[in-house]
There are 2 protein chains.
Amino acid sequence: MTDHAKQAQASAGDPIVLIVDDDPSMRRALTNLFQSVGLKVEAFSSAAEIMEAKPPAVPSCLVLDIRLPGSSGLDLQADLAKANIHTPIIFITGHGDIPMTVRAMKSGAVDFLTKPVRDQDMLDAVQAAIERDRKRRDAEKSISGVRSRFEGLTARERDVLVLVASGLMNKQVAAELGLAEITVKIYRGQIMRKMEAKSLADLVRMTDALGIPRNRGHLQT
Amino acid sequence: MTDHAKQAQASAGDPIVLIVDDDPSMRRALTNLFQSVGLKVEAFSSAAEIMEAKPPAVPSCLVLDIRLPGSSGLDLQADLAKANIHTPIIFITGHGDIPMTVRAMKSGAVDFLTKPVRDQDMLDAVQAAIERDRKRRDAEKSISGVRSRFEGLTARERDVLVLVASGLMNKQVAAELGLAEITVKIYRGQIMRKMEAKSLADLVRMTDALGIPRNRGHLQT
DNA sequence: CTACGGCACAAACCTACGTATAGCTCGCGC
DNA sequence: GCGCGAGCTATACGTAGGTTTGTGCCGTAG
């Protein structure tokens, strides 16, 4: 646990592989494999165990035996999704079937490897999974700042933002909201400052990134 | 062939299922199944045969036996991808294995069903696949207009568009391109007219939809 | 050679945008 | 009750955006 906490605080570019397998020899073998290529590793023996640990703060992936004590690997995948944890998952299985594979892949698994697993296949899969997680984290981080700035807007500023980002002129926004044009201008200035947008183009992209619906869809996007 | 052409000209909301299977009884069974729920069907007996037919112009999906005479279903999937045909694919297999399944799913297959296939499973999969294709076509159509308008811009207009959509002021665009500000203004007006953008917000969204790179990334999107 | 389209600029003019300064009401917390 | 922030407006001024009209150069297709 202390170990885990320490690793979670490591530099953001230092990925970690999380292993969940009830077979100690398998855990050991995988741990050795990953450490041999310089990857950090954290091993768990059950689904419950990893659900208790806090989600890693660095690019990471899960290597998951599909057959686990208690809940299956697919259940764990579903639980993680429900908990809004999107760490990429690589499944390994000794006796999986095709419907199981399809379900896992449909739910977003990166790969599904059959025992005996070739070392290179596993490393390739982990490489791809970590890369995917890194990209997801980068994207997440980039909008989190925008989102928190948006939270800092007042209700009226948000009203104005929606309409301005829809492409309406100040006077149209004013008419829409029953305001004077000057009022819209002032809010607009406050919005630009608070959102740290250097241009209208910036602001438009921010609202799109936040998924803010446009008031009038003039464009066929 | 004449039949096929006629069907391809049917109303855009009238989906079609394309079947590729070398077993005539399977083709017949699937055809009956799909027709029983009101779906149009076109059956082929080999990969080569369907590659010759022109891609359908309506929402559609492929039902593909993984083992085909000549090339396998996976090869056909790869060939279609290379030919830039993105019709969703549902595989059926009598004796597939997990690596095959993983490869198919990674390459974007909608589903991978094992024989004997339950009718309801097949219909559900086809339903999902057609829905996916419909969405993809809608998205495609919505940007195709924007793209063709962009093609109609002159080289210089595109230069200006990139910088304007990056959020630069006219004078900055002018400096960047070594032009007078008035010239930029005039191009800008032409761009708005040619692109049929009613506002700068529109224009920004169009450039983003076209995947036009921004000159200076001021924003963390 | 001429016509046409792309490219570039200028003067004049109008509209839209943005900020500063100032003043008002309302509701909330101390 | 007082301060405070949100909300709203006005006057005034300066900058940015946008169109019109007109001019000129260049290359190329007819």
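Proteins come first, then strands; the chains are lettered A, B, ... in the order of their sequence lines, and each starts at number 1. Computation of the quantities below employed the complete heavy-atom set of this structure, encompassing side-chain atoms and omitting hydrogens, waters and symmetry-equivalent molecules.
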Exercise. Is the closest side-chain heavy-atom distance between B/L74 and B/I66 below 4.5 Å?
Worked result: yes
Exercise. A/Y187 side chain N/O closer than 4.0 Å to the phosphate oxygens (OP1, OP2) of D/dC8?
Worked result: yes
Exercise. Pick from A/I50, A/L62, A/T87: which one makes a side-chain contact (heavy atoms from CB on, under 4.5 Å) with A/L80?
Worked result: A/L62
Exercise. For D/dG18, does OP1 or OP2 lie under 4.0 Å from any side-chain N or O of B/R188?
Worked result: yes
Exercise. With a 4.5 Å heavy-atom cut-off, do A/L200 and A/V164 have their side chains touching?
Worked result: yes
Problem set entry | SB check B/E140 B/R137 (cutoff 4.0 Å) | no
For this session: On DNA chain C, check which nucleotide each of A/E181 and B/R156 is closest to and give me the residue with the more 5' one.
Result: B/R156
Exercise. Within the pair A/T154 and D/dG5, is there a side-chain N or O less than 4.0 Å away from OP1 or OP2?
Worked result: no
Seminar exercise, completed: Closest to the 5' end of DNA chain C, once A/M169 and B/L179 are matched to their nearest nucleotides, is B/L179
Exercise. So where does chain A start and stop touching DNA chain C, 5' to 3', when the test is distance under 4.0 Å to a non-hydrogen atom?
Worked result: C/dA16 to C/dA20
Exercise. Looking at side-chain heavy atoms only, is the closest gap between B/V63 and B/F91 below 4.5 Å?
Worked result: no
For this session: Write down the distance between CG (A/L200) and P (D/dG18), rounded to a whole number of angstrom.
Result: 10 Å
Problem set entry | Test: B/R156 cationic atom under 6.0 Å from B/Y187 six-membered ring centre, within 45° of axis | no
Exercise. Across the strands shown, which category fits B/I186 at heavy-atom distances under 4.0 angstrom: base, sugar-phosphate, nothing?
Worked result: base
For this session: Check the distance between D/dA6's P and A/L177's CG and give it to me in whole angstrom.
Result: 18 Å
Exercise. Does D/dA16 have OP1 or OP2 sitting under 4.0 Å from an N or O in the side chain of B/K185?
Worked result: no
Exercise. How is B/T183 classified with respect to the nucleic acid when contacts are heavy atoms under 4.0 Å: base, sugar-phosphate, or nothing?
Worked result: base
